[in-house]
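These notes are about the structure you will find just below.
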Amino acid sequence: MTAVEPVAESPATLPWWRREDERLLAGAGCFVGDVRVPGMLHAVFVRSAHAHGRVRAVDVDAARESPGVRAVLVAADFAGLVAPQVNALLPSLTLTTTGAMAADQVLAVGAPLALVVAETRAQAQAAADLVWVDIEECPFVADAFADPGGLGALDIDTGVPGNLVAKLRFGDGVMPSRAPTAAARVQQPRVAASPLEPRAAVMQWDPANGRLMAWLSTQTPSRARDELARALGLPVDAVQVIAPDVGGAFGGKASVCPEDLMLAFAARRLGGALRWQATRGEDLLSAPHGRASQAEGALWLDGQGRIEALSARFHFSLGHWLTYSAVVPARNAARIVPGPYQVAQCTAHAEARLSNAAAVGIYRGAGRPEAAILVERLVDAAAREAGIDPLDLRRRNVWPADALPRTLPNGQWLDHCDLPGLLDHAAELFDYAAQRAAQAARRARGEHMGIGIGLYVEPCGQGHESVQITALADGRYRLATGATAQGQGRETSFAQIAAEALRCAPDQVEVLHGNTALCPPGVGALASRSTAIGGSAVLAAARALRARLDAGESLPCRVDHVHTAEHEAWASGCVMVAVLVDSSTGELRIERLVWVDDAGHVLNPALVQGQLMGGLAQGLGQALMERLVYDDNGQLLTGSLMDYALPRAADMPAVHLASHPTPSAANPLGAKGVGEAGCIGVPAALLNAAYDALAPLGVHQLDFPLTAGRLWQAVQDANPPSK
Ligand code: SMO
């Protein structure tokens, strides 16, 4: 490896500088897969090949005699080890009480059936292949959505009490009795979070002291510590969790998985250290998936083009076990309707069911895309029906800037934002009027050009985050945060916030995160909350520390602070996109993409831009390419990145980003979230653009992902409107 040339200028002064990057770009990062503990053994899971079945036998005799094998553990060995806990957000939530490893039945392809531990990973894999499993197949449901016929139709034997997991309702709007102006159905396929490093863990049991060290690729180290302690019956201070470099998590690493608990249990049983590294295929098969929802809605306009009423129903399919935040997308989707619009009457209803498939958890956006895409689709469809330009219809119905912040009729507090300004700013950059004129001319020539708008508001997290800042005797500062990082540049931004308040240079502030022994207990990094909530904790602690130092306190001097958000920061933004669809091939090409984002007070433009672009790539992937597919036998067809289409660099269009910041009224930094916005506004705009392109052909239903094959089929199926 060649040494990194020192940068002549102090790198901290460069606008793009992130303190994390030199290490990561030079290959000096440390992911869980890089962790080596003396004497550690290697673990491989044997997984079910059947979607639902009774386990007649799991024969591990041959595996136990295989070279290098130290142990083969089956369900009976894990008896009493219960599944991870579920966030009891919803009063009607039915908690499941399955074990970490299913004993007498399997509920999904990929469900663990045995754990093989050997001296090398290859030996563990070879032995795993010798495990013989006899399963009597049962009928299964791969993805369970609502069916109007009632729950009975889905009432399969899941082994879990209650198919209906969550059902909630906000608002008490009475819908008009006349037919709606527009109705829409939006489907969100299952997608894979696809972090750089698949799930990974190193579990080290210290028999002398009865302690567990867990290196875990997680975005919630404190929660993982609590879960591991609970599972092993240990006090929390007997467990230390370290989340080193994570390489992306996107919600997929917010929940402890049953595998993590089994590995910790096995490490204690064997009295040593174990390493598990999921393969990419194993993660596609058995890591928590995202989305997996269907939604339908209806919208009524009055004679003045005002939204009189809006109804939305969301159906989520959750797979065979519940991640900690399994019902958060359902809850978020319901509470975010009607998005940025003033609506007199509104109902939103979300429900979720279990199915014989991989678990579904939160994924970048976590319910916000589901809500925003449905509402934006309804607004565009209503505009078409009413003969009103979609931009104009939005202008008529958004909250004016001076009406915010406010508490909405559904109980949600909507932050300060400038929705008319976002529309105007985006329209100007996009050259909206000229694009519409060009569209008319191109349509006359037979081109299928479409324009789509995605306007969104997104709540960015509730609750608290913690921090400790210590002024050290040598003049440096040590900041330890309960928030964590998966590549967002948290060390850079938190050092920047602290340094400004402490009146020192950012490189005098060391930032520690992702280590439960060194950091105060915290929530972690999710919901786009870390800068708004964790950063506000840093600001308060740094100010308090500065005041104590100015008062002459002796060193070292430490301030602990927990910031609890009184309100939730809401980001907003507007995406406008122009697409051209080739009706003979179905190929969709993005001609222009403009995105004006309101992330509140921007602390570090380079970090914000990185988050926007990353979110855009994932939103684009979800809209155009990505879909996890189970076949009629419950088998996952998209089991590798050869079959599951992640966007690559060449798939990224030119993007015009602009910032339209209004400070949040929810926190002292004025900061809002930014990490998930790309998955919210971008798919909404792309879906509307595709509909707009194909509307003249009579296409009335499009489903994600908008692949060439699907668009071509939609054109074939369309009934062109009579001229
Ligand atoms: S889906 Mo996010 O990591 O809350």
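Order of appearance sets the numbers: ligands from 1, and atoms from 1 within every ligand.
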Counting heavy atoms under 4.0 Å, the part of Gln219 that contacts ligand 1 is side chain

Quick note on ligand 1: atoms under 4.0 Å from a heavy atom of Tyr363 include exactly 1 (S)

Are Glu676 and ligand 1 in contact, using a heavy-atom cut-off of under 4.0 Å?
yes

- Query: Given side chains that start at C-beta, do those of His513 and Asn515 come closer than 4.5 Å, heavy atoms only?
  - Reply: no

In this structure, atom 4 (O) of ligand 1 is nearest to the protein heavy atom Ala527 N, 2.6 Å

* Within-4.5 Å side-chain heavy-atom neighbours: Arg364 and Ile680 -> no

* Asked: Between Lys672 and Thr662, does any side-chain donor sit less than 3.5 Å from a side-chain acceptor?
  -> yes

Counting from 1 in the order shown, the ligand 1 atoms closer than 4.0 Å to a non-hydrogen atom of Arg364 are 1 (S)

For Ile362, the ligand 1 atoms with a heavy-atom partner under 4.0 Å come out as 1 (S), 4 (O)

For Phe250, the atoms of ligand 1 under 4.0 Å from one of its heavy atoms are 1 (S), 3 (O)

Next on the checklist: Counting the benzene-type ring for Trp, do Trp276 and Phe45 have ring centres under 6.0 Å apart?
Outcome noted: yes

Tell me whether the NZ or CZ atom of Arg223 lies within the 45° cone about the ring axis of Tyr324 and under 6.0 Å from its centre. yes

| query | For Gly251, is at least one N or O under 3.5 Å away from an N or O on ligand 1? | reply | yes

Side chain to side chain donor-acceptor pair (under 3.5 Å) between Lys253 and Ser217, intermediate numbers included: CA-CA 7 Å; Lys253 292 176 178 175; Ser217 195; 2.8 Å; yes

